[in-house]
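Numbers here simply count residues along the sequence, with the first being 1.
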Amino acid sequence: MSKNCSQRLLTQLTKPTPSRSRKSKRFLPRLRRSFHYFYLRFIRLRGSPESLARGVAAGVFAGLFPLIATQMAVAILIAVLIRGNKMVAAAATWISNPLTGVPIYAFNFQVGQWLLGSDDQSFSAESFDSWQAIMQLGTEFVTDLLVGCLVVASVCAVGSYFLALWVVRRVRAKRRSGHLS
């Protein structure tokens, strides 16, 4: 190695690295800018408030079922059937994501057990690896889960429809009055 090359290597190795707080200071403005971008995209969505709210309801309904890889497709299909916004329906399925999926499905399972009066089975996170794993647990487990999903998803879809309708109308009224950009 030449003397010049070794000096450059030594300089790079001893150069102070950016501190963690400095990296996080760069991350937070980017995160804030991303949220602002998606907020602006949300308030500028085209369509009637009812269509957007139906899209949210379709997405929430599909998102509360353990349709592991097909939630968005099911939400879009439901949105087409009820004349809701398809893009909003696809986005609303993210109500269940890798962080919230297991608690949601566990709650749905408990509701199904309570409604059907069965309490022989227990719920575990490994139950949701795939549809085949769910089906191997037995028909009683699947029935409890699907009944709970149907009830919880229906209630949440109706609630999310009215909440989204209220939010869209309110945001658009503020935007018309000049309080929102």
**Message:** Going by side chain to side chain donor-acceptor pair (under 3.5 Å), name the pairs with one or both residues in residues 48-64, residues two or more places apart or in two chains.
**Reply:** Glu50-Arg169
**Listed once per pair and sorted, the side chain to side chain donor-acceptor pair (under 3.5 Å) pairs that draw on residues 71-84, sequence neighbours left out** = Gln71-Ser96, Gln71-Tyr105
**Prompt:** Which atoms form the tightest heavy-atom contact between Pro49 and Arg172, and what is the distance?
**Reply:** CD-NH1, 3.6 Å
**Request:** Just do the side chain to side chain contact (heavy atoms under 4.5 Å, CB included) check on Arg33 and His36 with the steps written out, would you?
**Result:** CA-CA 5 Å; Arg33 190 172 65 225; His36 185 69; 5.6 Å; no
**Request:** Please say which of Phe65, Phe107, Phe109 ends up in a side chain to side chain contact (heavy atoms under 4.5 Å, CB included) with Val152.
**Result:** Phe107
**Request:** Identify the heavy atoms of Leu67 and Ala62 that sit nearest to each other, and give their distance.
**Result:** CD1-O, 4.2 Å
**Message:** Using every non-hydrogen atom in the two residues, find where Val80 and Lys86 come nearest and quote the distance to one decimal.
**Reply:** CG2-CD, 3.5 Å
**Message:** Applying a strict under-4.5 Å side-chain criterion to I, L, V, M, F, W and Y, I'd like to know whether Val151 and Trp114 cluster together.
**Reply:** yes
**Complete:** Correct closest heavy-atom pair for Asn97 and Leu99 would be OD1-N, 2.8 Å
**Asked** Under a 4.5 Å side-chain heavy-atom rule over Ile, Leu, Val, Met, Phe, Trp and Tyr, are Val142 and Val74 clustered together?
**Response** yes
**Distance, nearest 0.5 Å, that separates OG1 of Thr93 from CD1 of Ile78** = 10.5 Å
**Prompt:** What distance do Asn108 atom CG and Cys149 atom SG have between them, rounded to the nearest 0.5 Å?
**Reply:** 4.0 Å
**Request:** Mind listing the closest non-hydrogen atom pair of Ala157 and Val60 along with its distance?
**Result:** N-CG1, 4.2 Å
**Prompt:** Are Tyr161 and Trp166 linked, directly or through other ILVMFWY residues, by side chains that come within less than 4.5 angstrom of each other?
**Reply:** no
**Item:** pair Cys156-Phe61: side-chain heavy atoms closer than 4.5 Å
**Value:** no
**Prompt:** Okay, side chain of Asp144, backbone of Gln110: is any donor-acceptor separation there less than 3.5 Å?
**Reply:** no
**Item:** Validation row: Leu52, Val56 side chains within 4.5 angstrom (heavy atoms)
**Value:** no
**Asked** Who pairs with Ala91 by side chain to side chain contact (heavy atoms under 4.5 Å, CB included), at least two apart in sequence or on another chain?
**Response** none
**Request:** Kindly compute the distance separating CG (Leu116) from CG (Leu145), expressed to the nearest 0.5 Å.
**Result:** 11.0 Å
**Where Ile95 and Thr100 come nearest, the two heavy atoms and their spacing** = O-OG1, 2.8 Å
**Prompt:** What about Met72 and Met87, same hydrophobic cluster or not, with Ile/Leu/Val/Met/Phe/Trp/Tyr joined at side-chain heavy-atom distances under 4.5 Å?
**Reply:** no
**Fill in**
dist Leu77:CG -> Ile82:CD1 (nearest 0.5 Å) comes out at 10.5 Å
